[in-house]
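In what follows, every heavy atom counts, from backbone to side chain, and hydrogens, waters and symmetry copies are set aside.
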Amino acid sequence: MNSYQDKVAHYSELFNKINKRYNSISILRLLSVFLCLFLLFYYIKTNEILYVAFAFLSFVGFVFLMRIHSRLSFQKQITTALLKINENEISFLKREKLPFENGIEFNDFHHPYAYDLDIFGEHSLFQNLNRTATFIGKKTLANQLLTQFSNEIILENQEAISELKSKIDWRQDFLALATVSNDTKNSYDSIMYWKSFQNNSLPKVLIALSLIMPTLFFGLLIAYLITSKTILLSYLTYVFIANMIVLGKSLKRIQSEIAQADNVDKIIKQYSLLVRKIETEKFQSKKLIDLQQQLLFKNTAASAHLKQLSELFSRMDTISNFVTAIAFNGTFLFNLHVLRALLKWKENYSDEIEKWINIIGEFEALNSLANLAYNNPDFVFPEINSEYKIGFKDLGHPLLNPLTRVGNDTHFYPESFMILTGSNMSGKSTFLRSLGVNMVLSGIGSVVCASEANIHPLPVLVSMRLSDSLADSESYFFAEIKHLKQIMDALEDKPAFVLLDEILRGTNSDDKRNGTIEVVKKIIAKKAIGAIATHDIEVCLTTNEYPDILTNQCFEVEIQNNELHFDYKLRNGICKNKSATFLMKKMGVI
């Protein structure tokens, strides 16, 4: 946290300096305008050519100050973003608030674990991890949290995240650039729509006219300036009108190219800056170097191609300005020339633009995971094996307060499946979620909440939280049966890490117990690894039939000074103590 506090102090001081310069330039810019007008007034009054010269110099000074003002404005935006980034991290680490998007739009109730493990939504894993500011970054991080990578990709990600962990200044600069872009899903969709909207090239006649008509116009203009023949002005007028007719013929085509492209030029410009940030950094890890090399196309940096596209869209915006559109197009068919350049750009680079934007998203997702590693120096990268061994030392849930979080040692070898018992509130569900969330994190190359970890990455299948689906006229029980069927079907393809919490709660106790035992038997027959939490002691006796596969573990509760005491420590064996009756008596329920 100290590093973030130091950065807040640094960026606060820097912001004040930039703001002072910004305000000073604003005043000077205003004064230069007044000076220019004042000098022009005196020229009109005195007819002294010297006043015109000084007025021109004043105007040049205004243009120069405008450029400085624009640069300072951008620096001010970036510094404000950096200040906010570090203030958010301090608030997050103090557990005061979660100022990050929660990704609820990515929630999938049919996914094997997204809903059960609180991957998305308020106080979710995504919200705690998310340090993205573009739509593609958010989408990439969400997709990664729903995917389990191959061992090779996991190891590459571990190396990349480890490198990015130490590049805190670079990560924050990247996030600040992404933040000021104000990127949205609509902006991203507009770019993808434009990229996929393949039109035929312009007719050859139209291309010829775009060259001939402006040449004719300026030829007549030069001829008039040389000869002063007024008839040439009439010809100029006819050519001007003809140019507007040519523009009118191509207006629909121009509008189709820039449809849904509001502010796209600004977004693409920010994409260009983000890509440039990647291109100019020196990386060591294989993954980051590979991503960086993909940004070179036709011996030119992708940032240059994106900058060119941004400028083309910006120029095309002049079509919406009535006065500018008439002046520019009546003389030299400006927007038609821009359209030709835009279509040429699309022909050359449209197949690459999605890849370049996806690389931005990939870096944002990796930066988010690097931020998790930086904020939690006690978390570790798991060792990866291919022997179906899964074990953790000091396993905890990464979202719990580290000051009160209780770690547990657990392993799934030689026995591969755990039957977990314990009274209500003893920590069973939290432990199952800790297993699930850390398996998800390990499956994408992230650090995990443990002091040691050895993982065989597996698909994660979870049944922990279900609700009645009134829209589908579906009972809780039937929804759970369907979910269990989904797990069984997934196990037909390959082994997985399975977590079940008090299944079959919608039926009577005998049916529930017998059903649970049969589910356990079928799951272990399919070589699943994992755990099931239950209150039925008879389910625990199944370990007698499968001593090499099943193991009993429990969380106990103690009554100390007439109060329930939970230590949340995992123990061997079957839970012996009960808390429900004691708690109901204490609260006067019975």
K287 with E159: basic N within carboxylate O range, under 4.0 Å: no
Ionic contact status for K185 with E105, cut-off 4.0 Å: no
E13/K17 ion pair, N-O < 4.0 Å: yes
F100 and F92 aromatic ring geometry - parallel, tilted or perpendicular at 30°/60° bounds: perpendicular
Check against side chain to side chain donor-acceptor pair (under 3.5 Å), H483 and Q486: CA-CA 5 Å; H483 198 45; Q486 180 186 11; 3.1 Å; yes
Salt-bridge contact E502-K428 (side-chain N to carboxylate O under 4.0 Å): no
Chi angles and distances behind the salt bridge (Lys or Arg N to Asp or Glu O under 4.0 Å) call for R131, E89: CA-CA 10 Å; R131 299 301 185 274; E89 291 298 339; 2.5 Å; yes
Note: E545-K521 ion pair, threshold 4.0 Å (strictly below): yes
Side-chain donor-acceptor pair present, S124, N102, cut-off under 3.5 Å: no
Side-chain H-bond candidate by donor/acceptor type, E364 with T134, under 3.5 Å: yes
Within the 6.0 Å centroid threshold, strictly below: Y413 and Y388: no
Residue pair E362, T140: steps toward the side chain to side chain donor-acceptor pair (under 3.5 Å) verdict: CA-CA 6 Å; E362 189 79 27; T140 303; 5.7 Å; no
Aromatic ring pairing F106/F120, orientation class (parallel under 30°, perpendicular over 60°, tilted between): tilted
Ring centre gap for F412 and F497 strictly below 6.0 Å: yes
Over 12 foreign heavy atoms within 6.0 Å of CD, E152: no
Within 6.0 angstrom of K76 NZ, more than 12 heavy atoms from elsewhere: yes
Any donor-acceptor N or O pair under 3.5 Å, side chains T132, N130: yes
Gap separating the OH atom of Y271 from the CG atom of D183, nearest 0.5 angstrom: 3.5 Å
Ion pair K167/E281, N-O distance below 4.0 Å: yes
More than 12 heavy atoms from other groups under 6.0 Å of CZ on R276: no
For L461 against P112, the heavy-atom pair lying closest together: CD2-CB, 3.7 Å
Y113 ring center near H111 ring center (under 6.0 Å): yes
E101, CD: over 12 other non-hydrogen atoms inside 6.0 angstrom: no
Pair D116 + R433, salt bridge at N-O below 4.0 Å: no
Distance-only polar pair, side chains of Y374 and S3, donor-acceptor under 3.5 Å: yes
Short N-O contact, E492 and K526, less than 4.0 angstrom: yes
4.5 Å side-chain heavy-atom contact, L129 and L441: yes
Distance-only polar pair, side chains of N385 and N454, donor-acceptor under 3.5 Å: yes
